Asks: 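If you scroll down you'll find the structure; I have some questions about it.
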Amino acid sequence: MSLFITFEGGEAAGKSTQIRLLRAALERRGLDCIATREPGGSPAAEAMRAVLLDPDLPLAPEAELLLVFAARADHLAATVLPALDRGVIVLCDRFADSTLAYQGFGVQADARTRTLIDELTARLPRQPDLTFVLNVSPGTAAERLRHRGGTTDRYETRDAAFHARVRAGFLAIAAAHPARCVRIDADAPAEAVHDAILSVVSTRTGHKRG
Ligand code: TMP
């Protein structure tokens with residue numbers, strides 16, 4: 001069965017852990033799935049990701065926005081659409097909601113830019129069937145990032161106010177699209193978050209839980 005599921009949320013919301021757990025659970029049921037991510041998910045889009053995330057490479061806001069969509073166009077064409085055509089379930093770490101949250105809400109884009117984001121999103125050849133919005137409190141996110149260590153990218157280095165706007169943006173997006181989006185409390189332990197996600201996905205795939 002083909003299903004396009006996206007995972008959204010601020011930094012350290014636990015998206016990649018949840019994608020790993022869901023993929024394993026679906027594969028145990030004999031369902032074919034792939035895990036992919038944005039920006040990235042195809043060779044060219046991964047190269048664009050490196051530019052987008054490089055904190056030492058100044059990038060004009062318009063260039064940043066168009067590069068996000070350029071990466072998305074290639075990712076859809078090279079990875080997502082062919083997989084969905086084969087009947088595979090696609091689990092995607094971030095998609096167009098991240099653009100509205102970061103390049104719209106986060107940077108406090110003007111009305112013209114927000115309209116452009118909406119128009120470019122509406123023109124995409126495919127929208128997600130289901131989106132999990134993982135909502136994590138700033139305290140939990142900061143704690144997880146401290147433990148994670150390592151490098152910080154262009155967005156992780158932004159201030160707390162930026163991340164608060166991104167978080168509020170995701171909540172607004174979830175509220176505006178209740179048929180597609182499921183808001184999940186991502187402060188909970190990973191297993192509890194996984195259970196919540198799996199029970200929603202199970203109703204879509206027609207499987208019983210467990
Ligand atoms: P990740 O760390 O979850 O892999 O995401 C990479 C970063 O890219 C994250 O800080 C959010 C940012 N991003 C945007 O700003 N706009 C977008 O459209 C996407 C997909 C990601």
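Read the numbers this way: they start at 1 and go in the same order the structure lists the ligands and their atoms. All values below were derived from every heavy atom in this structure, side-chain atoms included, with hydrogens, water molecules and symmetry-related copies excluded. Just so it is clear, the model here is predicted, and its values are computed rather than measured.
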Asks: Take the angle between the ring planes of Phe132 and Phe7 and call it parallel below 30°, perpendicular above 60°, tilted in between.
Replies: tilted
Asks: Of all the non-hydrogen atoms in the protein, which one sits nearest to atom 7 (C) of ligand 1, and at what distance?
Replies: Leu53 CD2, 3.6 Å
Asks: Where is the nearest protein heavy atom to atom 10 (O) of ligand 1: which residue, which atom, and how far?
Replies: Glu11 OE2, 2.8 Å
Asks: Which residue supplies the protein heavy atom nearest to atom 18 (O) of ligand 1, what is that atom called, and how far is it?
Replies: Thr99 OG1, 2.6 Å
Asks: Provide, to 0.1 Å, the distance between atom 15 (O) of ligand 1 and the closest protein heavy atom, together with that atom's residue and name.
Replies: Gln103 NE2, 2.8 Å
Asks: Tell me the protein heavy atom at minimum distance from atom 19 (C) of ligand 1, and give that distance in Å.
Replies: Ser98 CB, 3.6 Å
Asks: Honestly, is Arg167 close enough over Phe170, meaning NZ or CZ under 6.0 Å from the six-membered ring centre and within 45° of the axis?
Replies: no
Asks: Is Glu64 close enough to touch ligand 1? Criterion: a residue heavy atom under 4.0 Å from a ligand atom.
Replies: no
Asks: Would you tell me which option among Glu8, His75, Arg49 has the nearest heavy-atom contact to atom 2 (O) of ligand 1?
Replies: Arg49
Asks: Looking only at side-chain N and O atoms, does Thr79 offer a donor or acceptor that is under 3.5 Å from a partner on Thr36?
Replies: no
Asks: Report yes or no: does Arg154 have a heavy atom closer than 4.0 Å to ligand 1?
Replies: no
Asks: Is the backbone N or O of Lys15 less than 3.5 Å from a side-chain atom of Gln18, with the two atoms forming a donor-acceptor pair by type?
Replies: no
Asks: Strictly below 4.0 Å, N to O, side chains only: are Asp118 and Arg123 in salt-bridge contact?
Replies: no
Asks: Heavy-atom contacts with Glu38 under 4.0 Å: which atoms of ligand 1 show up? List them by number with element.
Replies: 20 (C)
Asks: Do Arg37 and Glu46 meet the salt-bridge criterion of a basic N to acidic O distance under 4.0 Å?
Replies: yes
Asks: Does the pair Arg29/Asp32 count as a salt bridge with the N-to-O cut at 4.0 Å?
Replies: no
Asks: What protein heavy atom sits nearest atom 3 (O) of ligand 1, and how far off is it?
Replies: Arg94 NE, 2.8 Å
Asks: Can you sort out which atoms of ligand 1 are near Val68, meaning under 4.0 Å from one of its heavy atoms?
Replies: 17 (C), 18 (O)
Asks: Could you tell me whether the side chains of Arg94 and Tyr102 share a donor-acceptor contact shorter than 3.5 Å?
Replies: yes
Asks: Need the ligand 1 atom indices (1-based, order shown) with element for anything under 4.0 Å from a heavy-atom of Arg72.
Replies: 18 (O), 20 (C)
Asks: For ligand 1, is Glu156 a contact, meaning one of its heavy atoms is under 4.0 Å away?
Replies: no
Asks: So do the side chains of Glu143 and Thr140 get within less than 4.5 Å of each other, counting heavy atoms only?
Replies: no
Asks: Ignoring hydrogens, just give me the one of Phe7, Tyr102, Phe69 whose non-hydrogen atom is nearest atom 11 (C) of ligand 1.
Replies: Tyr102
Asks: With the threshold set at under 4.0 angstrom, would you say Arg37 reaches ligand 1 through any of its heavy atoms?
Replies: no
Asks: Could you identify the single nearest non-hydrogen protein atom to atom 21 (C) of ligand 1 and state the distance to 0.1 Å?
Replies: Pro39 CD, 3.5 Å
Asks: Examine distances only and state if a side-chain atom of Arg154 and a backbone atom of Asp56 form a donor-acceptor pair shorter than 3.5 Å.
Replies: no
